[in-house]
There are 2 protein chains.
Amino acid sequence: MSYVNLKVYSGDSLEELVEVLKIAIARRSLVIILGECRVDYEGRAASRLELGERVVIIKQDSALLVHRPHGYSPVNWQPSTAIIEVTFKPSVGLVLHAVRDRPREYLTVVFVRVGLVVIGELVDQGGFTMYLEERDMRDILAENPWIIEEDLRVLGVEKPIGEGYVDIYALDKSGRHVLVELKRITATREAALQLYRYVEVYRKEHGETPRGILIAPSFAPTALETLTRLGLEYRYVDLKRLWELFKKRESKRVSLQEFFTKK
Amino acid sequence: MSYVNLKVYSGDSLEELVEVLKIAIARRSLVIILGECRVDYEGRAASRLELGERVVIIKQDSALLVHRPHGYSPVNWQPSTAIIEVTFKPSVGLVLHAVRDRPREYLTVVFVRVGLVVIGELVDQGGFTMYLEERDMRDILAENPWIIEEDLRVLGVEKPIGEGYVDIYALDKSGRHVLVELKRITATREAALQLYRYVEVYRKEHGETPRGILIAPSFAPTALETLTRLGLEYRYVDLKRLWELFKKRESKRVSLQEFFTKK
DNA sequence: GCCTAGGTCCCGTGT
DNA sequence: ACACGGGGCCTAGGC
């Protein structure tokens, strides 16, 4: 059991806050600042954000996010490789510098007014599991290749082809090799071209033209055009059907796990 | 001039907080919650996040972010189309439901303990400008085609070729058409193939083979291999040089604008 | 270190 | 509404 450990600063002067923030950042605490600021960024691109009220979050690994009151995306940021400095410049304000190497990028946040600062050390060991990713789709199809077509024998998954990896590598009933590319969402022309590259590289390396099959729940018009033009095949897959199989598989696994741990 | 308008709740019971949050969300205030929670997501994919201390931000357009103490990305989220409900379930906790249509997605955050709630209305009208996007690179090169090569005459930008758009369409000094594809960052094989598609479509539509030039600050080995193999050209571009030209252009524009507004 | 590929990608633009 | 492509994409995995 853990307890959220927080300190809140409100109504302090910028000079006072600078000292507080320096300590917090040195300690790698989580910091949330609400206030009025400008932001400049320069690196792979460059940007300028004029004065306005925002939320700045500095995470415990020094990732920094500047959030406006609307929208999913931070307007400016620095990922967790950033080094962060806090300074107070009279007649300018409270200045945050976040610098990142590779790629070299500079972020400067200048607060002219701060309404609130929250500092804390969050304890978060909770496990995170994501389901129904492309990896899951691939595993289910590899375990149930009859969904793709009859008498398909799976030889491998994520097989290296040239510099990439084909999702499923198989042999059909006539003895021809099959390269399968999967998309969890609508397949685009890019996906068709990706598959085509694998087919071409395989052909050159093995002197044999494999079948190429793109599998997705739906296809963009350009994907269909490209597939047809390049002599590739495609199959619609019903995601709900796959997820049913997935659930069965998971419950089986859980049962087995329970069996062994309870023993 | 604006003032950050904030309320802070700390030490209140979950039942008390539910009422506060209901009002805040109805008013479309910004809400920040720090506390211990679990999160479930189901939609295009599905995920489960076990108990831990996190920061949840609900923005003024109902975007919702769940941030762990580390990393750039939210672990769970709902973009700004979300509808959010707050309820209190005895012996469970404070429950946030965020539902989104198209794609249909469900997010549930259950707080078992809340350390702090911040509610406010942020005022943020500050302009945001991004520089050195691909669009800027394209405009600078279109205005200064001598950077690409001598006596190049630009006929258009974003010219439709088949189903895509070539960045710059030009005529060289020998009267041959040129298709230019730009990349702001390291060009990959994908970029080379994209250019090749344009060249091929143009050839079929006009019965004339145009030159294809890929322009980027650097090239992946696979990009160079592909370019050579497909008979395409490439040029290195110095982003700093372009950046200088960009600044000049911007300052010229500003001067003109100042001239007209002052008149 | 680079490159390849996925992501609940998000987001803007165009049809 | 959907399709298409960019993004300071970020992040994970392989070599």
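Convention: sequence-line order gives letters A, B, ...; per-chain numbering from 1.
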Please identify each residue that fulfils side chain to side chain donor-acceptor pair (under 3.5 Å) with [X], with sequence neighbours left out.
X: B:T188; result: none
X: B:E85; result: none
X: A:T186; result: A:S218
X: A:E225; result: A:R229

What base-paired stems does DNA chain D take part in, with at least 3 consecutive Watson-Crick or G-U wobble pairs and both distances under 3.5 Å?
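Expected stems, ordered by start: C:1-7 with D:9-15, C:9-15 with D:1-7.
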Verify, without hydrogens or angle tests, whether B:Q78 (side chain) and B:A98 (backbone) share a donor-acceptor contact under 3.5 angstrom.
yes
B:E190: salt bridge (Lys or Arg N to Asp or Glu O under 4.0 Å) partners, not counting sequence neighbours:
A:R197
B:P221 vs A:E181, nearer the 5' end of DNA chain C by closest nucleotide
B:P221
Would you please name every residue forming a ring pair (Phe, Tyr, Trp, His ring centres under 6.0 Å) with [X], sequence neighbours left out?
X: B:Y196; result: none
X: B:Y131; result: B:F246
X: A:H97; result: none
X: A:Y72; result: B:W77

Nucleotide-resolved protein contact map, nucleotides 7-15 of chain D, B/S/- at heavy-atom distance under 4.0 Å
SBSSS--S-
What is the separation between atom CZ on B:F128 and atom P on C:dG12, rounded to the nearest whole Å?
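Those two atoms, CZ and P, are 11 Å apart.
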In residues 194-201 of chain A, what residues come within less than 4.0 Å of DNA chain C, judged by heavy atoms?
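Output list: A:Q194, A:R197, A:Y198.
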